Enquirer: 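Provided herewith is a single structure, encoded as C-alpha cells, for subsequent inquiry.
Everything numeric here is computed off the predicted structure, so don't read it as measured data.
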Amino acid sequence: VVALSRSAGEWPTYPAYAEYAIRFLTADAEKIKALLDLSQVQLDKIADPAKALQLVETASALAPENRDVLIAMCDLMTKAGRTDDAFPILEKLVAGEEAGGKRRGKDAAVYLERLAAALEAKDDLAGAKSRLEEAARVDVTNVRVAYRLGLLYKKEGDTDRAGQKLRPLLLQKIDASSGIDKADVYFHLAEIHVAKGEKPKAKSMIDRGLQANAEHEGLKGLKDQVK
C-alpha cells in the first residue's frame, strides 16, 4: 500500500501509510532512512516543515551523531527560525572536522554553508559571508557554497564578484538535491547584467534560463522589463 500510494503520487494520504509502516521496521538504520525520506516528502509535497522537523528529531533520537540527520535537522531548524538551536550543532560539526589538527575535508564546507544560512537568517550578512568564503576555500566545487556566496555578493552590490561565483555554475550539472534550479542562476546573472546596463547579455541569460525552465516567474517578469 505504501509503495502504491507513493508511485501514484497520492501525497495527502501517503505520509500516514508510511509513518505507520515505519513502526514495523526493526533496524535503526532502516528507520532513520525511512524517517528522513518521509521528512523530505512532508517538506516538498505536503509543505509541512513542522512535521518534517518532528520526523527528523525522531531520527535524531535513534542516532544523535548521524551526519545526515544532523544536517537535515539544522536545515529545518533554520527554516523554522530556530537558528539558536541550529548554531551549536553546526559549530560542533565544524569543530569535529578540525579535531586533532586534521586537514578539513569537503564535509567542512557543507557544515560551513549551513552555518552561513543560519547566520543569514539572523541578518548577520557579514558573518554569513565570512563562513561562505571559508567554505569556498575548503571546497571550490561545492555548488551550494558558490551559489549562496554569489547571491551575497549580489546583495552587497558587488556584481563583479557575484558574476565570478555564479557564471561557472552554468557549466556544472546541478543536482536537484542541492535545492538550486539552474534557471535561478540565469535569473541572477541576468539581473547582474541589467544592473551593469548590459541589456543584450541580460536578454541572452533570460532566454537561456527560460529554455531551462519555461515557468520561471522571475525570468518571465524580467523579460517583460528588458526589451
Side-chain angles (χ1 to χ4, degrees), residues 1-100 102-121 131 135 138-139 141-145 147-148 173-181:
V1 174
V2 175
L4 286 173
S5 177
R6 181 168 188 139
S7 63
E10 296 176 353
W11 302 118
T13 56
Y14 170 77
Y17 290 132
E19 194 164 0
Y20 182 73
I22 289 171
R23 300 180 188 179
F24 298 96
L25 297 175
T26 55
D28 283 352
E30 290 181 333
K31 289 180 182 178
I32 291 165
K33 185 176 183 298
L35 285 164
L36 290 178
D37 179 74
L38 183 53
S39 170
Q40 202 62 46
V41 170
Q42 289 285 0
L43 188 63
D44 296 339
K45 304 297 184 181
I46 312 298
D48 188 348
K51 180 61 177 178
L53 179 55
Q54 181 185 330
L55 291 164
V56 172
E57 287 176 332
T58 300
S60 178
L62 296 172
E65 303 300 321
N66 183 291
R67 170 190 180 278
D68 293 335
V69 171
L70 290 172
I71 290 174
M73 186 160 64
C74 289
D75 283 349
L76 289 164
M77 284 177 172
T78 298
K79 286 180 185 293
R82 290 173 52 187
T83 51
D84 288 340
D85 293 327
F87 281 139
I89 299 171
L90 291 166
E91 293 282 14
K92 182 180 177 181
L93 288 169
V94 172
E97 284 295 301
E98 302 167 340
K102 66 180 181 180
R103 183 176 180 179
R104 291 187 298 182
K106 291 186 176 183
D107 280 351
V110 174
Y111 308 145
L112 287 164
E113 186 271 327
R114 261 56 178 205
L115 189 54
L119 288 164
E120 190 173 356
R131 290 300 195 176
V138 173
D139 183 7
T141 66
N142 189 301
V143 170
R144 284 174 60 112
V145 170
Y147 181 72
R148 189 180 291 280
K173 183 178 180 181
I174 299 178
D175 192 274
S177 64
S178 69
I180 300 168
D181 183 345

Enquirer: Among L90, T78, I89, L93, whose side-chain contact (heavy atoms from CB on, under 4.5 Å) with R114 holds?
Expert: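 Exactly one option meets the side-chain contact (heavy atoms from CB on, under 4.5 Å) with R114, and it is L90.
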Enquirer: Indicate the atoms forming the closest heavy-atom contact of I46 with W11, along with that distance.
Expert: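 In terms of heavy atoms, the two residues are closest at CD1-O, 3.1 Å.
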Enquirer: Does atom CZ of F87 have more than 12 heavy-atom neighbours, drawn from other residues, nucleotides or ligands, at distances under 6.0 Å?
Expert: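 Counting neighbours around CZ of F87, more than 12 heavy atoms of other residues, nucleotides or ligands fall under 6.0 Å, so yes.
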Enquirer: Looking at E10 and K45, is there a salt bridge between them, counting it only when a charged N and a carboxylate O are closer than 4.0 Å?
Expert: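 So K45 does not pair with E10 through a salt bridge.
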Enquirer: Taking all atoms of both residues into account, what is the closest heavy-atom pair of A72 and L36, and its distance?
Expert: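 Minimum heavy-atom separation between A72 and L36: CB-CD2, 4.1 Å.
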Enquirer: Find out whether K106 and N142 are in side-chain contact, i.e. whether some heavy atom of one side chain is under 4.5 Å from a heavy atom of the other.
Expert: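 No, every pair of side-chain atoms sits at 4.5 Å or beyond.
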Enquirer: Looking only at heavy atoms, which two atoms of A109 and V145 are closest? And how far apart?
Expert: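 Looks like O-CG2, 4.0 Å.
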Enquirer: Within a strict 4.5 Å, meaning less than it, do heavy atoms of the L35 and I22 side chains meet?
Expert: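 Yes, side chains in contact.
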Enquirer: Are S60 and N66 side-chain neighbours, meaning at least one heavy-atom pair lies under 4.5 Å?
Expert: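 When only atoms from C-beta onward are counted, N66 and S60 do not touch, as no gap falls below 4.5 Å.
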Enquirer: Any heavy-atom pair between the side chains of E19 and L55 that's under 4.5 Å?
Expert: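 They are in side-chain contact.
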Enquirer: Tell me the closest heavy-atom pair linking L76 and P49, and the distance in Å.
Expert: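 Heavy atoms of L76 and P49 come nearest at CD2-O, 4.3 Å.
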Enquirer: Salt-bridged, R131 to E91, with N to O below 4.0 Å?
Expert: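 E91 and R131: salt-bridged.
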Enquirer: Looking only at non-hydrogen atoms, find the nearest pair between M77 and A86 and report the distance.
Expert: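 Minimum heavy-atom separation between M77 and A86: SD-N, 3.9 Å.
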Enquirer: Report yes if some heavy atom in the side chain of K31 is under 4.5 Å from a heavy atom in the side chain of T26; otherwise report no.
Expert: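 They are not in contact (no side-chain heavy atoms under 4.5 Å apart), so the answer is no.
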Enquirer: Between D37 and R6, is there a salt bridge with N-O shorter than 4.0 Å?
Expert: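 D37 and R6: salt-bridged.
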Enquirer: Just by distance, do the side chain of S7 and the backbone of A3 share a donor-acceptor pair under 3.5 Å?
Expert: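 Side chain of S7 to backbone of A3, a donor-acceptor pair under 3.5 Å: yes, one is there.
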Enquirer: Are the side chain of S178 and the backbone of D175 linked by a donor-acceptor contact shorter than 3.5 Å?
Expert: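 Answer holds: yes.
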Enquirer: Should I180 and R144 count as side-chain neighbours, where that means a heavy-atom distance under 4.5 Å?
Expert: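 Result yes, sub-4.5 Å side-chain heavy-atom pair found.
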Enquirer: Side-chain contact test, heavy atoms from C-beta onward, threshold under 4.5 Å: evaluate it for Y14 versus L38 and give yes or no.
Expert: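 Result yes, sub-4.5 Å side-chain heavy-atom pair found.
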Enquirer: Is a salt bridge present between R82 and D85, judged by a nitrogen-to-oxygen distance below 4.0 Å?
Expert: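 Yes, charged N to carboxylate O under 4.0 Å.
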Enquirer: Could you pull out the closest heavy-atom pair between T83 and A118, with the gap in Å?
Expert: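 The pair with the smallest heavy-atom distance is CG2-O, 3.5 Å.
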Enquirer: Does the pair R148/E120 count as a salt bridge with the N-to-O cut at 4.0 Å?
Expert: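 E120 and R148: salt-bridged.
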Enquirer: Determine whether R67 and Y111 make a side-chain contact, defined as any pair of heavy atoms from C-beta on separated by less than 4.5 Å.
Expert: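 Counting from C-beta outward, R67 and Y111 do come under 4.5 Å.
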Enquirer: Can you tell me how far apart CD1 (I32) and CG (L25) are? Round to the nearest 0.5 Å.
Expert: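 With rounding to 0.5 Å, CD1 (I32) is 11.0 Å from CG (L25).
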Enquirer: Rounded to the nearest 0.5 Å, what separates atom OG in S39 from atom CG in L53?
Expert: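 One gets 7.5 Å once the value is rounded to the nearest 0.5 Å.
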